[in-house]
Participant: 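My questions all concern the structure below.
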Amino acid sequence: MWIRLRRPLKKVYNCFKPLKYGFIGHKWLCTSPCVAECVPALPTASRLTVEQAVKLWTGHFQQRGVSEPHLSSQYIIAHLLGAKTLEGIGQDRLAEFLTQEQTEQTWELCSRRLTRMPVQYVIEEWDFRDLTLKMRPPVFIPRPETEELVGLVLTDLQMKQGTGLSEETSFRCLEVGCGSGAISLSLLKSLPQLRAIALDKNKDAVDLTRENSHSLGFQDRLEVHHMDVMRDADIIVSMCSPVSVLVSNPPYLFSEDMISLEPEILRFEDHAALDGGKDGMQVMRHILTLAPKLLSNHGRVYLEVDPRHPQLIQQWVEESVEELDYLHTHRDITDRSGVNQTAICLLNNYIFKTFDQEMYSY
Amino acid sequence: MAFTQAVKMHVGNVCGRSWMSSYQRGSTVMSQRQRDYGAVLCGRCQNSSQKLCPNSRAMHATRPLMITKLLSVDEIFARRSLQDYIKKMETEYRDSLTVVNMTEGQQDGVEELRVKRTRVSVLAPLIQYTRELQTKQQEFAETETLLKDDDPDMRDLAVLEREACQKAIQDVRQKILSLLIPEEESDMSDLVLEVTAGVGGQEAMLFTAEVFDMYQSFAAHQGWGFDILEYMKSEIGGLRHASASVSGPKSYKRMKFEAGVHRVQRVPKTEKQGRMHTSTMTVAVLPQPTEITFTINAKDLRIETKRASGAGGQHVNTTDSAVRIVHLPTGNLSQYNSARIRQWSMKLLFLYRFDLKPMAFYLCFGVIGVVSECQQERSQLKNKEKAMKVLRAKLYSMRLEEETSKRYTARKVQIGTKGRSEKIRTYNFPQDRITDHRILKTVHDVREFLVGEELLEEMNLALEEFSNQEILMDILGENNSDQ
């Protein structure tokens with residue numbers, strides 16, 4: 001049961017438990033689930049300039065304990081005025097007054113943010129690498145770490161293109177769990193000869209990916225299918241193989257970590273896109289089992305995983321999937337302590353030419 | 001009109017302004033003519049003649065003139081040093097050519113042969129033009145005889161031919177001069193433009209914003225790309241620090257003359273009593289190197305994002321995509337002992353607390369290393385790319401400054417190469433003039449200048465001409481010292 005933005009605000013909040021713990025020391029401390037009364041009133045007498053509106057809403061967000069208050073109000077108001085960030089709006093525009101319509105829109109969008117809806121869902125778009133994609137709850141919002149995953153895939157594919165290996169496999173890639181289509185569409189944008197197939201078990205994600213691919217003009221190079229990698233394995237193999245690259249940002253959170261997620265994620269994003277089972281590897285295992293049947297020889301699997309996974313993956317692959325060879329873990333360089341990094345695992349696929357051949361050593 | 005205006009302005013500077021530095025009193029805005037008169041009028045005397053009044057000051061330049069005047073093409077060609085230099089080039093060309101022709105087919109001394117060949121190809125156009133000049137001059141001499149002809153039609157024809165010859169000679173001379181000036185490696189690159197508010201508080205920041213807008217419209221006027229990488233505003237609409245990437249043909253070549261300290265004299269908006277203030281702002285122009293000319297090792301960089309500590313990936317949803325990149329080797333931590341490091345960190349804390357981040361970063365410059373940060377875009381990758389651009393430009397310009405300071409210490413006026421502490425231009429609003437101190441050129445109409453189109457272009461071209469002449473004199477001067 002997910003939020004539909006078209007319903008009026010009051011009905012929406014009936015789905016949730018009382019939100020009073022979310023409001024810290026606010027003078028309109030409410031005890032009922034109906035949050036609509038707690039939204040700050042629209043200014044009727046005076047008009048606000050853009051800068052004043054940003055400051056006002058930053059204050060409101062801070063009071064309610066909304067995360068990243070200044071950035072939230074900046075992005076929402078900049079979006080309303082047609083720019084991506086507040087810096088994109090000229091100095092003179094910042095001192096101008098908002099029209100009545102703009103003020104009303106500001107209030108509506110910022111009120112949504114007050115319910116801890118992520119900014120990306122409030123403005124219904126976000127940037128990923130050099131693309132701007134539509135966002136809609138509950139489809140998973142692409143994270144900045146995934147931009148690095150795409151960068152790695154691109155580097156490898158561009159090298160492959162150079163050596164001419166691409167011709168045999170007709171240069172295709174498969175994405176499992178496409179969400180908004182971020183990974184596939186970025187790859188398509190940077191590699192004009194690539195053809196991509198994207199799968200997701202959530203119908204909303206499939207629709208959103210199709211919508212994004214149409215608005216970016218990649219609909220003839222991207223196939224999107226509503227399939228579950230755990231249940232529809234055979235159909236996937238018959239339809240999609242062979243591909244040279246299998247890439248995925250699978251749900252990799254440990255089930256025990258799900259409870260401690262912030263409200264932005266818990267209340268609005270699809271839990272099935274996050275929960276990876278007890279050890280976080282449930283979906284990953286299915287993908288890796290399927291990989292040898294999908295990939296061509298020397299094809300590669302790229303997975304974004306939790307920092308605790310690379311060792312486990314390496315062990316599991318050695319035991320259970322003979323054809324796959326663990327290659328390398330690329331760690332996100334921004335965290336110096338090394339504890340909380342996301343990791344990107346690369347695995348290489350070797351196909352046996354005949355069954356008589358010796359096994360490859362790891 | 002210009003003379004009395006200039007004199008009144010100088011008087012305004014001198015009488016009752018004891019706090020102004022000797023630099024300002026001495027060498028501003030006097031053209032040759034006024035210096036020759038050697039006297040200034042006190043504003044109180046209505047005297048417009050050059051009589052000295054008791055309160056006036058003798059108007060001698062307090063320091064030697066940096067550059068005299070722009071020589072014309074003919075004057076340069078009249079100089080002996082140029083003729084000698086051209087002769088030297090010709091002999092070099094002949095020698096190299098004979099060497100190349102003789103050793104054709106031989107394998108010995110391949111390196112030397114290659115050097116000679118490149119010399120030949122470099123000098124060939126110059127020699128060709130000098131020969132063309134000689135032929136034109138011969139033609140010109142021949143027309144003289146025609147002038148003394150009896151036939152009036154022939155005389156008219158001769159006059160026309162003379163004019164055509166003159167023009168051709170001028171063109172060829174211009175071409176020769178431009179060939180003599182060597183091409184700098186960095187002239188072809190794009191640049192990163194950085195503006196920082198200097199002395200003067202809020203007024204300086206307001207002025208910085210105006211100058212940044214001026215450069216933005218100048219770039220548009222020239223057809224260059226102008227991509228803002230960083231923009232740190234102040235409370236009342238001014239600008240503390242901003243940087244932009246400017247790309248286009250000859251962009252660095254033109255913009256390098258804008259580097260230095262710009263000074264403004266006006267009554268600020270923030271001023272209640274209507275007094276005139278002087279504020280400054282600094283412009284830095286950093287050439288942007290290509291990947292080949294300048295590479296940075298990824299291990300030398302520390303890239304910081306908001307998620308420096310704490311979980312990431314699917315655990316967190318954030319819209320903070322700011323990126324900061326620190327270049328580690330450029331900091332020399334070892335030369336400081338622990339007490340000084342403690343001092344530094346207290347200073348930095350103080351500055352951070354009072355939101356003077358740009359100052360903090362400049363202090364960090366020597367301790368931590370070169371830092372660049374960017375939060376202009378929503379995508380983290382794009383912010384990282386922009387921050388890398390700025391970092392590369394900063395490091396490259398540091399390297400260039402080292403190299404050029406070694407090479408060009410002999411030059412008196414180093415237009416565009418002196419670094420960021422040179423006071424280059426004054427914008428005086430009450431007197432409606434802008435003066436460039438390096439070439440002592442004055443342009444009027446400050447409002448029009450700040451629009452960033454024709455007037456700025458005019459100033460820029462003048463600077464370029466002076467710089468070219470200076471380089472040329474330098475080359476010829478070196479030539480003379482060899483002999």
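Everything numeric here is computed off the predicted structure, so don't read it as measured data. Reminder, nothing fancy here: chain letters follow the sequence lines and each chain counts from 1.
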Participant: Using the benzene-type ring in the case of Trp, are the ring centres of B:His241 and B:Phe212 under 6.0 Å apart?
Facilitator: no
Participant: Quick one: are the ring centres of B:Phe207 and B:Tyr427 less than 6.0 Å apart?
Facilitator: yes
Participant: Identify which part of A:Leu131 has an atom lying under 4.5 Å from any heavy atom of chain B, answering side chain, backbone, both or neither.
Facilitator: neither
Participant: Return the option, out of A:Leu261, A:Thr132, A:Ile265, with the maximum number of heavy-atom pairs under 4.5 Å with chain B.
Facilitator: A:Ile265
Participant: Based on non-hydrogen pairs under 4.5 Å, which of B:Ser321, B:Gly237, B:Ala209, B:Ser379 is most in contact with chain A?
Facilitator: B:Ser379
Participant: Do the side chain of A:Ser73 and the main chain of A:Val54 share a donor and acceptor less than 3.5 angstrom apart?
Facilitator: yes
Participant: Ring centroid separation for A:Tyr75 and A:Trp126, is it under 6.0 angstrom?
Facilitator: yes
Participant: I want to check a possible cation-pi pair here: B:Arg447 against B:Phe429, using under 6.0 Å from ring centre and within 45° of the ring axis as the test.
Facilitator: no
Participant: Under a 4.5 Å heavy-atom cut-off, does chain B meet the side chain of A:Leu253, its backbone, both or neither?
Facilitator: both
Participant: Non-hydrogen atoms of chain B under 4.5 Å away: do they reach the side chain of A:Ala95, the backbone, both or neither?
Facilitator: neither
Participant: Side chain, backbone, both or neither: which part of A:Pro250 has a heavy atom under 4.5 Å from chain B?
Facilitator: backbone
Participant: Can you tell me which portion of A:Leu274 sits under 4.5 Å from chain B's heavy atoms? Options are side chain, backbone, both or neither.
Facilitator: both
Participant: Go through B:Val323, B:Thr319, B:Leu381 and name the one with the most non-hydrogen pairs under 4.5 angstrom from chain A.
Facilitator: B:Thr319
Participant: Is A:Arg113 paired with A:Glu264 through a side-chain N to carboxylate O contact shorter than 4.0 Å?
Facilitator: yes
